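First the structure, in the form of structure tokens, and then the observations on it.
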There are 2 protein chains.
Amino acid sequence: MTDRPAGSTSPKALNIAREVRRRIVEREWRQGERIPDEADLAIEFDAARATVNKALQLLADEGLLDRRRRAGTRVTVNPTRKATVSISIVREQVEQAGMAYSYRVVAQRRSPVPPDIAARLALPEGKLLVHMRAVHYGDGRPFQLEDRWINTCSAPGLEGVDFWQLNANEWLVQNAPYLHAELAFTAANADRREARLLQTRQGQALLIMQRTTWNDLGPITTVRVACQPGHLISTEGGYARSNWPAGETRTPDTP
Amino acid sequence: MTDRPAGSTSPKALNIAREVRRRIVEREWRQGERIPDEADLAIEFDAARATVNKALQLLADEGLLDRRRRAGTRVTVNPTRKATVSISIVREQVEQAGMAYSYRVVAQRRSPVPPDIAARLALPEGKLLVHMRAVHYGDGRPFQLEDRWINTCSAPGLEGVDFWQLNANEWLVQNAPYLHAELAFTAANADRREARLLQTRQGQALLIMQRTTWNDLGPITTVRVACQPGHLISTEGGYARSNWPAGETRTPDTP
DNA sequence: GAAGCCTCTATGTCTATACTTATCTTGCGC
DNA sequence: GCGCAAGATAAGTATAGACATAGAGGCTTC
């Protein structure tokens, strides 16, 4: 009898993963302990080994299991869990929040690259890159402030583009897909200019997002995004979207 | 002598993924375009369809491809790329940075839960939870400041634990695996107390990490971590860690 | 006992095949 | 022309079988 009352949408591998996860969380299988091997689990769950493999790989990716050839699979002792951040274009973020998007370029010029940026991009100091600063607005209020350096060598076709009118972020996303990216978060106090552009006070703590992308030609662009005060970047919990919070509390932004 | 000049580290599915990625990045297959179906690719790459499927699923997870049954696979128009943040226990972070770890509990008591925390945990306001504040040090200098609420109902066995001595973070990681987690980043100005504990000045911008975990019994714990000034949380670039710095750029015909 | 070799096992990966399922297309009846 | 049902198609998923390979553990040798 296939019970599917609680919405168990039945891809077999996922069911197996869920059951194994439950056994771990409920401590039937304890930290560091070795769990039955794939073949045994395949018998227990009446599935092919490949299916069990898929399930266990999933849990290993989540950081719950440690798998090694010949040694078998054991429950991770100090699980390093992973959370994923989705980076979409600003306009979509703003619009998804139900606000009207607008965009203003504050400055744009070719400029020799300063030492810190050069280091981050692994480019010779002083090389001429396109440097631009822009503000993204939601409903007319400043949402994000971006300070971007673009390496035209890695973005062919960019030469003729007029970023005073076009959104650099979107142009790059659509026209210069990357092979490698780095992303980092930090915090910084708003300086005088940032405070003015974001319409806040100097010294206000800002969430800073630094992002650099590369393709096979080299670095494409690096950008430092300063978010509006109180902005929250949240990650996707990952796997088990359960249903405890009866009222899915989508936390309102902090004032 | 294993000559693998072009770095083809052999798992066939990964090779296929890499090649498809290359075709996208090099714009052989353009944004929005439909790519050949799995069967055709299987023939082209001389692989089974399952293998091609695995490769394409990988790229879809990365956000590069959009796949729909019957409709086929197309290159994503506005790729929303994903980056993953690894959350390990603080001690490991500190030690990995080559510093000596220490830990000090600043306060711990049972306390009625304030409205904002109650909302976040979906618990009735005023319920008694364990509230604790602690500082993590690296080489004696403050590294992180944590403000944690623990729901003993969801963490059986916690009643008798003495967090004045034991590291709450580690105890929870090892003894209360979770099913669901949420993580968010924001920035805040250090208040008087935070400034003192982190040995910095009041108003200093701090990177804040908020993390809440649940298991099948309900919310386990929520913690607000304030990082030392200048702290950087970086994500794993993801898939293609390449080696441009003067590395072998598999240079195609560059226009 | 330490070092080195050997063997066997559990996972890693791939294949061929089959069936399921969503959804686009087509064609029929009106 | 319109609506709806039938068919076709591409991805989704599962399976049994096979071989590859890392590496733990035992064995031998010095």
Side-chain angles (χ1 to χ4, degrees), chain A residues 2-4 7-21 23-24 29 32-77 79 239 241, chain B residues 1-4 7-21 23-24 29 32-77 79 239:
Chain A
T2 49
D3 56 339
R4 55 188 59 199
S8 55
T9 348
S10 38
K12 208 161 176 177
L14 289 186
N15 282 338
I16 296 176
R18 178 160 39 231
E19 169 62 11
V20 171
R21 204 185 283 122
R23 291 186 189 176
I24 294 171
W29 291 340
E33 230 173 61
R34 176 149 171 217
I35 77 172
D37 65 38
E38 293 185 348
D40 291 346
L41 289 177
I43 296 170
E44 186 194 329
F45 291 119
D46 187 34
R49 190 168 77 85
T51 309
V52 173
N53 183 288
K54 200 174 170 186
L56 296 189
Q57 291 241 8
L58 187 79
L59 296 178
D61 286 345
E62 283 176 11
L64 267 184
L65 293 179
D66 239 350
R67 327 192 67 208
R68 265 159 49 224
R69 284 187 180 171
R70 158 72 212 200
T73 300
R74 22 190 88 241
V75 182
T76 310
V77 196
Y239 44 109
R241 89 271 177 269
Chain B
M1 52 183 185
T2 50
D3 58 340
R4 50 190 63 188
S8 54
T9 346
S10 348
K12 208 161 174 177
L14 289 187
N15 282 339
I16 296 176
R18 178 161 40 232
E19 170 62 13
V20 171
R21 204 185 282 123
R23 290 186 189 175
I24 294 172
W29 291 340
E33 230 172 61
R34 175 144 171 223
I35 76 172
D37 65 39
E38 294 186 347
D40 291 346
L41 290 176
I43 295 170
E44 185 193 330
F45 291 120
D46 186 34
R49 189 167 78 86
T51 308
V52 173
N53 182 287
K54 200 174 171 186
L56 296 190
Q57 290 244 5
L58 186 79
L59 296 177
D61 286 345
E62 281 176 13
L64 267 184
L65 293 180
D66 241 349
R67 326 192 69 208
R68 266 165 45 228
R69 283 188 181 169
R70 160 71 212 200
T73 300
R74 20 190 91 244
V75 181
T76 310
V77 195
Y239 44 108

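Note that the structure is predicted; figures quoted are calculated from it, not measured.
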Do any N or O atoms from the side chain of B:K54 and from the backbone of B:R49 form a donor-acceptor pair under 3.5 angstrom? no
A:I35 atom CD1 is separated from C:dT11 atom C1', nearest whole Å, by 12 Å
Rounded to whole Å, CG of A:D66 lies from P of C:dT11 at a distance of 12 Å
- Message: Between the base of D:dG17 and the side chain of A:R49, is one N or O donor paired with an acceptor at under 3.5 angstrom?
- Response: no
Assign each of B:A71 and A:A50 the nucleotide of DNA chain C bearing its closest heavy atom; nearer the 5' end lies the nucleotide of A:A50
Distance check: side-chain N/O of A:T51 vs OP1/OP2 of D:dT15, anything under 4.0 Å? yes
Q: Would you classify A:R74 as touching base, sugar-phosphate or nothing, given that sugar-phosphate means primed atoms plus P, OP1 and OP2, and contacts are heavy atoms under 4.0 Å?
A: nothing
Audit row: B:T73, B:R34, side-chain contact (heavy atoms from CB on, under 4.5 Å) steps and yes/no: CA-CA 6 Å; B:T73 300; B:R34 175 144 171 223; over 6 Å; no
Would you classify A:D46 as touching base, sugar-phosphate or nothing, given that sugar-phosphate means primed atoms plus P, OP1 and OP2, and contacts are heavy atoms under 4.0 Å? sugar-phosphate
Discussion item. Could you tell me if the side chain of B:I24 sits less than 4.5 Å from the side chain of B:L65, heavy atoms only?
Written reply: yes
Could you tell me whether the side chain of A:T76 and the main chain of A:G63 form a donor-acceptor pair under 3.5 Å? yes
Between CG of B:D37 and C1' of D:dG12 the distance, given in whole Å, is 14 Å
When rounded to whole Å, the CZ to C1' distance for the pair B:R68 and D:dT13 reads 19 Å
task: Report which part of the nucleic acid A:A47 touches: base, sugar-phosphate, or nothing (heavy-atom distance under 4.0 Å, all strands).
output: sugar-phosphate
From the candidates C:dT15, D:dA11, D:dT15, the one with an atom nearest any side-chain atom of B:R69 is D:dA11
B:L56 atom CG is separated from D:dA11 atom C1', nearest whole Å, by 10 Å
In whole angstroms, the gap separating P of C:dA10 from CG of A:L41 amounts to 12 Å
(Q) On the nucleotide D:dT15, are OP1 or OP2 found under 4.0 Å from the side-chain N or O atoms that A:K12 carries? (A) yes
* Are any of the side-chain nitrogens in A:R67 or A:E38 under 4.0 Å away from the carboxylate oxygens of its partner? -> yes
Winner on side-chain proximity to A:N53, out of C:dA10, C:dT11, D:dT15, is C:dT11
With the side chain defined as heavy atoms from C-beta on, A:R70 is closest, among C:dC8, C:dT11, C:dT15, to C:dC8
Phosphate oxygens OP1/OP2 of C:dG12: is one of them under 4.0 Å from a side-chain N or O of A:R67?
-> yes
Atom CD of B:Q57 and atom C1' of D:dA14 are separated, to the nearest Å, by 13 Å
note: A:I43, atom CD1; C:dA10, atom P; distance rounded to Å ~ 12 Å
